[in-house]
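Notes to accompany the following structure.
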Amino acid sequence: MCLETYKATRSASLASQLTTSVKESANMQQEQNEQGKMAYWKKIIVMFCLGWTVIWIYRTILNPVLPEIQADLGVTSDTSMGMIFSVFFFAYTAMQIPSGLLADKFGRKTIIIPGFILFTIGALLVGFSTSLMFILIASFITGLGQGTYYGPAYSITSETIPQEKRGISTAIINSGSALGMAIGLIGSSFLVKDMGIDWRVLLFITAALSFSMMIVFARNIKQQKALIANAAGKDDDNPQEKASFKTLLTNPRMIACYVLYFATCYGYYMIVTWLPSYLQTERGFTGSAIGFAAALVAFSAVPGSLFFSRLSDKFNKKKITFIITLELLAAGMLFLTVSVQTTTLLIVCLVLYGFLGKLAVEPILISYVADIAPKKGIGTTFGVFNFFGMMSSVLAPLVTGLISDATGSKVLGFYLATIIIIIGATFMLITNLRNKPQGPNTVSS
C-alpha cells in the first residue's frame, strides 16, 4: 500500500514538474515573441517616420521656388499656382477612404508599395513638366500615390504599438513630417536661390528617395495575416465593434474629430503652401532665409510633438483638454504671425505656432481617435478621418491664392485660418461636453 502511495505521489510530482517545465517553456517562448514584436513595432516607427519625411520633402520642395516656376512656365497669378497644390491634395484626399477600405480587405503592405511606385512616377513627371496643365496632371498622379499612405500606415501602428506608448510613438512618426518639411524648404531655397540649380532637379532627387522607401517597405513590412492573428482575440471579443460608414458618420465624437482635424489642417496647409511666398513678397525675406524662416515651424514642431504626446500618455484621461488648449494657443500664434510688425516677433510667433500647432496636437488626436473608434476595420476609420482633414488641404491653397489676387496680400488668408481653427476647437469642446463617455476606462476632458 505504501509502495502504491509512493508511486502515485512520485507520478504526481513528475506530472507537476512536467507541467511547470511546459509553462516555463511557454513563458520563455512568449517572452521571445514579445521581444520580437517589440523590435518590429520599433522598426515600424522608424520606417513610417522616414516615409513621412520623403512625402513632406515633396510637399514643400516647390514652395520656396514658386516665383521661379511661375517664370519658367509663364504663369502670372497666385490662384493658378495655388491650383498646383490643390490638385495634388484633391487626389490625395480622394484616395483616403478607398485606400483604407482596400487596406482592410487586401492588406496594408499591398496598398502602400504600389502607392509609393505611383508617387515616384508622379514626381518624375512633375520634373519633366513644360506647362501648367502638365504639372497639374503630374501633381494629381503624385497625390494619388501619396494618398495610399495614411490609413494603412496608422492602422499598422494601431495594431502593433502598445497602447501606453501610442502617443509618443505617433509623435515620433509624425516628426518625419517636420523633418521632411525642413529639408524641403531649406534645401529648395538653398539649391535653387543660392546655388542656381534648376528647380526640376529637386523633383528627380525626390523621386529617387521615394523609390528607395518603396524598397524599404517591401522588405520590412510584415504581411497583414500575422497582424490579424495577433489582434484576432480582440476582434472576436467585440464582434459588434466594426467600422462602417454609418458608425463613423453618426458618432458625435467622431464627427467632432473630423471637424477639428479639418480646421487644424486648414491652418497648417495654408502655412505650408503660402508662408514662403508671404515672407518673400510681404516681409522682405530673400534667398535661403525664406526657407530657414519657414522651416522654423518644422523645427519647433518636433520637440512640441514629443513633449505634449508624452504628457498625453501620462495623463491619458485628459486628451481633450490637451487638444483644445493646443488648438486655441496655435490659433493665437497664427493670428499674431501677420499682426506683429517686427521680424523678431514674427520669428517668435512662427516658432510657437510650430511648437503648439498641428504636429503637436495630431498625435494626441490620432491616439484619441484610436481610443473611441471601432476596433475592427481601423484602416477605414483612419481613411475617413484623414479624408475630412485633408479636404482643407484642397481648399486652403486655392482660397488663400484667391484672397491674395483679390486684395494684393495674404494676410486675410491667415486671419481666415485662425477663425476656422477657433470654430473647430469650440465644436470639439461642446460636442464632448454634451456626449461624455461612460465607464471607468474612458477618455475624458
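Just so it is clear, the structure is predicted and the values come from calculations on it, not from any experiment. Computed over heavy atoms, backbone and side chain alike; hydrogens, waters and symmetry mates excluded.
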Is any side-chain heavy atom of Leu249 closer than 4.5 Å to a side-chain heavy atom of Ile255?
no
Contacts of type side-chain hydrogen bond (donor to acceptor under 3.5 Å, both in side chains), residue Ser300, not counting sequence neighbours:
none
Tell me if the CE atom of Met47 is crowded by more than 12 foreign heavy atoms within 6.0 Å.
yes
Flag, side chain of Thr170 to backbone of Pro363, donor-acceptor distance under 3.5 Å
no
Taking the six-membered ring for Trp, are Phe414 and Tyr278 closer than 6.0 Å centroid to centroid?
yes
Step by step, would you call Ile172 with Leu306 a side chain to side chain contact (heavy atoms under 4.5 Å, CB included)?
CA-CA 7 Å; Ile172 295 172; Leu306 296 174; 3.6 Å; yes
Residue set satisfying side-chain hydrogen bond (donor to acceptor under 3.5 Å, both in side chains) with Ser339, at least two apart, ordered chain then number -> Tyr415
When rounded to the nearest 0.5 angstrom, what is the spacing between CG in Leu66 and CG in Leu73?
10.5 Å
Among Phe85, Phe88, Tyr92, exactly one meets ring pair (Phe, Tyr, Trp, His ring centres under 6.0 Å) together with Tyr58. Which residue is that?
Phe88
Does Ser99 offer a backbone N or O that forms a donor-acceptor pair with the side chain of Thr148 under 3.5 Å?
no
Ring centroid separation for Trp56 and Tyr269, is it under 6.0 angstrom?
yes
Rounded to the nearest 0.5 Å, what separation is found between the CD1 atom of Ile97 and the OG1 atom of Thr381?
11.0 Å
If you define the side chain from C-beta out and look only at heavy atoms, does anything of Thr264 sit under 4.5 Å from Ile421?
no
Within the structure provided, determine whether Tyr261 and Asn386 are in side-chain contact (heavy-atom separation under 4.5 Å).
yes
Worked verdict on Ser177 versus Leu359 for side chain to side chain contact (heavy atoms under 4.5 Å, CB included)
CA-CA 8 Å; Ser177 303; Leu359 294 183; 4.1 Å; yes
Tell me if a side-chain donor or acceptor on Lys109 pairs with a main-chain N or O of Ala218 at a distance below 3.5 Å.
yes
Residue from Ile161, Ile221, Ile45, Asn220 passing side-chain contact (heavy atoms from CB on, under 4.5 Å) with Tyr40
Ile221
Are the side chains of Met428 and Ile324 in contact, using a 4.5 Å heavy-atom criterion?
yes
Look only at the side chain of Ser404 and the backbone of Thr400, and say whether a donor-acceptor pair between them is shorter than 3.5 Å.
no
Residues in salt bridge (charged side-chain N to carboxylate O under 4.0 Å, His left out) contact with Glu282, at least two apart in sequence or another chain:
none
Could you tell me whether Phe308 and Phe355 have their ring centroids closer than 6.0 angstrom?
yes
In short, side chain to side chain donor-acceptor pair (under 3.5 Å) pairs touching residues 180-204 with sequence neighbours left out are Glu68-Lys193, Asp72-Trp199, Asp72-Arg200, Asp194-Ser288
On the 0 to 90° scale, with breaks at 30° and 60°, tag the Tyr149-Trp52 ring pair as parallel, tilted or perpendicular.
perpendicular
Counting C-beta onward and ignoring hydrogens, is there a side-chain heavy-atom pair between Tyr368 and Arg253 closer than 4.5 Å?
yes
May I ask you to decide if the ring planes of Tyr150 and Phe385 are parallel, tilted or perpendicular, using 30° and 60° as cut-offs?
tilted
Check: Leu125 main-chain N/O paired with Ser129 side-chain donor or acceptor under 3.5 Å:
yes
Determine, stepwise, if the pair Leu398 / Val394 fulfils side chain to side chain contact (heavy atoms under 4.5 Å, CB included).
CA-CA 7 Å; Leu398 183 60; Val394 179; over 6 Å; no
Below 6.0 angstrom between ring centroids: does that apply to Phe292 and Phe285?
no
How about Arg59 and Met181: do any of their side-chain heavy atoms sit closer than 4.5 Å?
no
Contact summary for Leu279 and Ala294, nearest pair of heavy atoms
CD1-N, 4.0 Å
Quick one: does Ser409's side chain have a donor or acceptor within less than 3.5 Å of a partner on Val411's backbone?
yes
If we only count heavy atoms from C-beta on, is the Thr286 to Gln280 side-chain gap below 4.5 Å?
no
Indicate whether any N or O donor in one side chain lies under 3.5 Å from an N or O acceptor in the other, for Thr79 and Asp405.
yes
Dump the intermediate steps for side chain to side chain contact (heavy atoms under 4.5 Å, CB included) on Leu365 and Cys257, then the final yes or no.
CA-CA 8 Å; Leu365 187 56; Cys257 290; 4.1 Å; yes
Who passes salt bridge (charged side-chain N to carboxylate O under 4.0 Å, His left out) against Glu362, sequence neighbours left out?
Lys358
Parallel, tilted or perpendicular: which fits the ring planes of Phe119 and Phe116, with parallel below 30° and perpendicular above 60°?
perpendicular
Between Tyr266 and Leu416, is any pair of side-chain heavy atoms under 4.5 Å apart?
yes
Please assess Lys222 against Glu159 for the test salt bridge (Lys or Arg N to Asp or Glu O under 4.0 Å), listing each intermediate value before the final yes or no.
CA-CA 12 Å; Lys222 292 181 180 180; Glu159 292 172 343; over 6 Å; no
Which of Phe387, Phe427, Phe388, Phe382 passes ring pair (Phe, Tyr, Trp, His ring centres under 6.0 Å) with Tyr258? Answer is Phe388
Whether the side chain of Thr273 engages the backbone of Met270 through a donor-acceptor N/O pair (distance < 3.5 Å, no angle test) should be reported.
no
By ring-ring contact (aromatic ring centres under 6.0 Å, His included), which residues pair with Phe204, not counting sequence neighbours?
Phe128
Ignoring hydrogens and geometry beyond distance, is a side-chain donor-acceptor pair present between Thr120 and Ser210 at under 3.5 Å?
yes
